[in-house]
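Single-structure report; data block below.
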Amino acid sequence: MTQDIDQLTRNLISWVIESCTSVAEVDYWITGITQRLNDVNWAEELQKKKVLQRAWAEARKMREEEYCNELVQCTECNRMVHRGDCKRLDQIPKSRYMFSLFCLDCAERLLEEYNARQNQTFENICQACGLIYESKHYDNDFRLCASCNSPFTGKELKRIRNQLRRAHNAGLEATLTLSQWLKTIDDFSGLCAYCQLQPFTQMEHFVPLSAGGGTTVGNCIPVCAECNSRKSRRHPYETPLPFRELHVARVQAYLHHLSIQDDLE
């Protein structure tokens, strides 16, 4: 409290000094302010403040009662109920009902349904190992169990998803699975299928999508950026002769073998 009084006094002194140009003016202002403060009936002023606060409190209470007694429509059952008997579903995150009002019965039912969905589990098939596992989400196309979920597997799953989308949009065959792609990577020991020297960094369509090749186990191989740039979007038989003689025949034989195995399965 003492600090507040000192600050108020400093502010008053600063204001008087800024407003005055002579000592006489300062004496005039200070004397006038002191006289008026002494003439104030502080008990009466405090009583007025209390009366005003009570009036504001009563007016606020009346406004709240009018607000609560206002009739509004329940978003779910469309019944007209008092606003005070309504409830918002703020407990449900990202709900489309977040800014809607519900009667107590509908709010309770929707909250129970939400809690039931939160505790619900689904059976999913792991795209890497093929085992069935339980999860709170249902998505058999792009899911991994806890033991298979790793940064590498997740990255390859996203890669396959993008390539399947490209083939599908082009109206081509899109059947490559994660387990097939991981086996192909393992068959080449994680190296480029063409040069067999550098680690692979990209997925290559042996027959490009522009030439009608799909995203299938018999058309996708792991390659390094350098070999992928050399082959570019050319058909295997349109590649430069040295590249073709060194790599194309060997990779084509491997993919042909995979295609036969896939057809037998």
Side-chain angles (χ1 to χ4, degrees), residues 122-133 135 137-145 148-265:
F122 300 93
E123 288 187 347
N124 292 290
I125 301 176
C126 177
Q127 297 301 297
C129 63
L131 295 179
I132 298 177
Y133 67 98
S135 172
H137 305 280
Y138 178 77
D139 187 356
N140 270 337
D141 293 331
F142 301 105
R143 286 286 172 188
L144 297 170
C145 64
C148 295
N149 192 3
S150 66
F152 173 78
T153 312
K155 180 181 179 180
E156 297 309 313
L157 185 58
K158 291 180 180 179
R159 192 196 304 274
I160 291 176
R161 185 185 305 179
N162 293 333
Q163 297 299 337
L164 289 175
R165 185 183 300 113
R166 289 182 59 201
H168 179 75
N169 293 338
L172 301 173
E173 191 175 1
T175 58
L176 181 65
T177 64
L178 178 61
S179 58
Q180 291 173 337
W181 174 241
L182 293 178
K183 183 181 182 304
T184 301
I185 295 174
D186 188 60
D187 288 343
F188 289 101
S189 303
L191 299 176
C192 173
Y194 289 131
C195 67
Q196 286 284 275
L197 296 174
Q198 301 186 52
F200 90 97
T201 57
Q202 301 173 4
M203 177 189 289
E204 155 74 1
H205 289 85
F206 188 66
V207 178
L209 295 179
S210 58
T215 302
T216 63
V217 66
N219 193 46
C220 293
I221 52 175
V223 296
C224 64
E226 183 178 352
C227 290
N228 195 19
S229 177
R230 287 179 181 177
K231 181 178 177 294
S232 188
R233 296 184 179 181
R234 290 187 287 260
H235 192 277
Y237 298 118
E238 297 175 353
T239 54
L241 186 59
F243 185 88
R244 192 186 320 163
E245 291 178 345
L246 286 174
H247 310 303
V248 170
R250 174 174 51 81
V251 173
Q252 187 178 25
Y254 169 80
L255 292 176
H256 181 67
H257 176 68
L258 281 187
S259 299
I260 293 176
Q261 285 187 337
D262 188 49
D263 292 339
L264 292 176
E265 292 175 359

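Everything numeric in this text was worked out from a predicted model, so none of it was measured.
With sequence neighbours excluded, no residue forms a side-chain hydrogen bond (donor to acceptor under 3.5 Å, both in side chains) with Glu173. Residues satisfying the ring-ring contact (aromatic ring centres under 6.0 Å, His included) criterion with Tyr237, sequence neighbours excluded, are His235.
At a threshold of 4.5 Å between non-hydrogen side-chain atoms, the residues Thr239 and Val248 count as touching. In this structure, Asp186 and Trp181 have side chains that are not in contact, with every pair of non-hydrogen atoms separated by 4.5 Å or more. Between Ile221 and Val251, some side-chain heavy-atom pair lies under the 4.5 Å cut-off. The side-chain heavy atoms of Asn124 and Ile132, taken from C-beta on, include no pair separated by under 4.5 Å. Between Val223 and Cys192, the closest side-chain pair of non-hydrogen atoms falls below 4.5 Å.
Atom OG1 of residue Thr153 and atom CG of residue Leu144 lie 6.5 Å apart, to the nearest 0.5 angstrom. Atoms CG and CD, from Leu246 and Gln196 in turn, are 12.5 Å apart once rounded to the nearest 0.5 Å. Taking SG of Cys126 as the start and CG of Leu178 as the end, the distance is 7.5 Å to the nearest 0.5 Å. Here the straight-line distance linking atom CD1 of Ile160 with atom NZ of Lys158 works out to 13.0 Å at 0.5 Å rounding. Remark: Glu238 CD to Ser232 OG distance equals 10.5 Å, nearest 0.5 Å. Note that CG of Leu131 is 3.5 Å distant from SG of Cys129, once rounded to the nearest 0.5 Å.
Among all heavy-atom pairs drawn from Leu197 and Leu191, the shortest one is O-CD2, 4.0 Å. For the pair Glu156 and Ile185, the tightest heavy-atom approach, listed with the atom from each and the gap, is OE1-CD1, 4.0 Å.
Using modelled atom types, one side-chain atom of Arg250 and one backbone atom of Ala193 make a donor-acceptor pair closer than 3.5 Å.
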List the atom pairs, with distances to 0.1 Å, where a side-chain N or O of residues 199-207 and a protein N or O form a donor-acceptor pair under 3.5 Å, not counting sequence neighbours.
unit_1	atom_1	unit_2	atom_2	d
Thr201	OG1	Ala225	N	3.4
Gln202	OE1	Asn228	ND2	2.4
Glu204	OE2	Lys231	NZ	2.7
His205	NE2	Thr215	OG1	3.0

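Using cut-offs of 30° and 60° on the angle between ring planes, the pair Tyr194 and His247 is tilted.
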Assess the residue pair Thr216 and Leu176 against the criterion (side chain to side chain contact (heavy atoms under 4.5 Å, CB included)); give the C-alpha distance rounded to whole Å, side-chain angles, the decisive distance to 0.1 Å, and a yes or no.
CA-CA 4 Å; Thr216 63; Leu176 181 65; 5.6 Å; no

Run the numbers on Val217 and Thr175 for side chain to side chain contact (heavy atoms under 4.5 Å, CB included), then give the verdict.
CA-CA 7 Å; Val217 66; Thr175 58; over 6 Å; no

